[in-house]
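See below for the structure under consideration.
On a predicted model such as this, the values are computed, not experimentally measured, just so you know.
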Amino acid sequence: MNYAALTERLGISIEPALLELALTHSSFSYENGKTPNNERLEFLGDSVLGFLVTEHVYQLHPDLAEGELSRLRNAAVSAKTLSLAAMNIGLGEFILLGKGESLSGGSSKSNILADAFEAVLGAAFISGGIDAAHRIVSDLIFPLIDDSQVLLETSEPRTVLLDLIKKMGLGEPVFEITHEGPDHDRTFFATILVDGKKIGFGEGRSRKAAEALAASSALKMLRG
């Protein structure tokens with residue numbers, strides 16, 4: 001696969017063999033003789049990301065206490081945030097997946113995208129050191145986290161919604177979950193009701209994804 005388009009989007013160069021390894025999902029590895037996959041690079045990238053984000057939120061918010069900084073950092077390195085960054089550069093089209101995972105939409109699954117993003121970050125760190133990793137994080141992650149309210153709503157929409165409902169003095173929200181399709185290809189639907197009135201709806205490939213989208217739509221509705 002030609003990774004020139006991806007490295008251009010990343011703004012740095014990464015050794016091709018190392019980049020391919022970073023994009024090799026375990027499902028592809030399993031179907032091809034259990035060749036090496038990206039899990040070790042993901043492990044490395046997770047630590048590099050944690051350091052860079054921690055330093056950034058510490059400098060950005062000198063007024064926040066440790067607990068609030070931790071909440072922001074956790075939101076910044078969440079699968080939701082990382083998958084959004086990955087989608088912004090079209091990372092899914094480059095990930096090597098097994099046939100089954102590919103057929104089930106693996107290239108758009110948030111956990112696979114987030115893991116691949118961390119693995120690419122790990123590869124960048126090995127190829128170009130902390131400066132190369134910082135370039136990726138500053139271009140693709142920092143813009144998503146510099147507005148703390150937007151960040152929390154992106155990564156924790158349900159928590160933000162519950163806080164808002166409580167502040168507004170509304171009744172306890174009810175999440176109604178339904179699904180359709182076979183076990184291997186299921187779609188979930190989430191409806192949020194408050195005092196019997198529908199305030200949000202979302203659908204996704206998992207219950208959690210559907211609830212998050214429903215919470216996001218409810219936040220928009222309540223804020224008018």
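Inter-residue side-chain proximity for Ser27 and Leu97 is flagged as met; some heavy-atom pair is nearer than 4.5 Å. At a threshold of 4.5 Å between non-hydrogen side-chain atoms, the residues Glu101 and Ser26 do not count as touching. Side-chain contact check for Val120 versus Leu19: some heavy-atom pair is nearer than 4.5 Å. Counting heavy atoms from C-beta outward, Leu161 and Leu222 have side chains that approach closer than 4.5 Å. You'll find the side chain of Leu164 reaches within 4.5 Å of the side chain of Arg223, heavy atoms only. The shortest side-chain heavy-atom distance between Phe28 and Ile95 does not fall under the 4.5 Å cut-off. Taking the side chain as every heavy atom from C-beta outward, Arg207 and His179 never approach each other to under 4.5 Å. Taking 4.5 Å as the limit, some side-chain heavy atom of Leu140 sits within range of a side-chain heavy atom of Phe117.
Across all their heavy atoms, Gly204 and Ala210 have their closest contact at N-CB, 3.7 Å. Of all heavy-atom pairs spanning Pro36 and Thr24, the tightest one is O-CG2, 3.7 Å. Looking at every heavy atom in both residues, Ala190 comes nearest to Ile177 through CB-CD1, 3.5 Å. Between Ser29 and Asn37, the shortest heavy-atom distance links the atoms CB-CB, 3.9 Å. Across all their heavy atoms, Leu121 and Gly45 have their closest contact at CD2-O, 3.6 Å. When all heavy atoms of Pro143 and Ser138 are compared, the closest pair comes out as CD-O, 3.2 Å.
The existence of a salt bridge linking Glu31 and Lys99 is excluded, since no basic side-chain nitrogen approaches an acidic carboxylate oxygen closer than 4.0 Å. Checked for salt-bridge contact, Lys167 and Asp163 miss the test: no charged N lies under 4.0 Å from a carboxylate O.
Taking hydrophobic clusters as Ile, Leu, Val, Met, Phe, Trp and Tyr residues chained together by side-chain heavy-atom distances below 4.5 Å, Val57 shares a cluster with Val160. Hydrophobic clustering (side-chain heavy atoms under 4.5 Å, transitive across Ile, Leu, Val, Met, Phe, Trp, Tyr) groups Phe142 together with Tyr58. Linking ILVMFWY residues whenever their side-chain heavy atoms come closer than 4.5 Å, directly or via other members, leaves Met221 and Leu162 in distinct clusters. Cluster annotation: Phe189 and Val194 are assigned to distinct hydrophobic clusters (Ile/Leu/Val/Met/Phe/Trp/Tyr, side-chain heavy-atom contacts under 4.5 Å, transitive). Ile130 and Val53 end up in the same hydrophobic cluster when Ile, Leu, Val, Met, Phe, Trp and Tyr side chains are linked at under 4.5 Å.
Within 6.0 Å of atom CZ in Arg186, more than 12 heavy atoms from other residues, nucleotides or ligands are found, so the atom counts as buried in its surroundings. When the shell of 6.0 Å around CD of Glu8 is examined, it contains 12 or fewer heavy atoms from other residues, nucleotides or ligands.
With a 6.0 Å cutoff to the six-membered ring centre and a 45° limit on the axis angle, Arg158 counts as a cation-pi contact of Phe175.
Rounding to the nearest 0.5 Å places CG of Leu21 at 7.0 Å from CG of Asn38. Distance check: Phe188 CZ to Glu180 CD gives 11.0 Å after rounding to the nearest 0.5 Å. Atom CG of Leu213 and atom NZ of Lys208 lie 12.5 Å apart (nearest 0.5 Å). For the atom pair CD1 of Ile136 and CG of Leu10, the computed distance is 4.5 Å after rounding to the nearest 0.5 Å. For the atom pair CG of Leu193 and CD of Glu176, the computed distance is 4.5 Å after rounding to the nearest 0.5 Å. Note that OG1 of Thr54 and CD of Gln59 are 11.5 Å apart. Values are rounded to the nearest 0.5 Å.
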Quiz prompt | Candidate pair Leu23 and Leu6, rule side-chain contact (heavy atoms from CB on, under 4.5 Å), full reasoning | solution = CA-CA 11 Å; Leu23 296 167; Leu6 177 57; 3.8 Å; yes
Practice problem: Please test Ile165 against Ile199 for side-chain contact (heavy atoms from CB on, under 4.5 Å), starting from the C-alpha separation and ending with a verdict. | Solution: CA-CA 11 Å; Ile165 288 174; Ile199 65 167; 4.3 Å; yes
Practice problem: Go through the steps to decide whether Ile192 and Phe201 satisfy the test side-chain contact (heavy atoms from CB on, under 4.5 Å), and finish with yes or no. | Solution: CA-CA 6 Å; Ile192 304 176; Phe201 175 79; over 6 Å; no
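Between the side chain of Asp195 and the main chain of Lys197, no donor-acceptor pair closer than 3.5 Å is present. Judged purely by atom type and a 3.5 angstrom limit, Glu68 uses its side chain to pair as donor or acceptor with the backbone of Ala65. Of the possible donor and acceptor atoms, one in the side chain of Arg135 sits under 3.5 Å from a partner among the backbone N and O of Gly11.
A search for side chain to side chain contact (heavy atoms under 4.5 Å, CB included) contacts involving Ser127 returns Ile14, Glu15, Leu18, not counting sequence neighbours.
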Quick one: side chains of residues 71-89, donor-acceptor pairs under 3.5 Å with protein atoms, not counting sequence neighbours, listed by atom name and distance.
residue	atom	partner	partner atom	Å
Arg71	NE	Glu156	OE1	3.4
Arg71	NH2	Glu156	OE1	3.4
Asn74	ND2	Ser70	O	3.2
Ser78	OG	Ala75	O	2.9
Ser78	OG	Thr81	N	3.3
Ser78	OG	Thr81	OG1	3.2
Thr81	OG1	Ala75	O	2.8
Ser83	OG	Ala79	O	2.8
Ser83	OG	Lys80	O	3.0
Asn88	ND2	Leu84	O	3.4

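Using cut-offs of 30° and 60° on the angle between ring planes, the pair Phe94 and Tyr3 is tilted.
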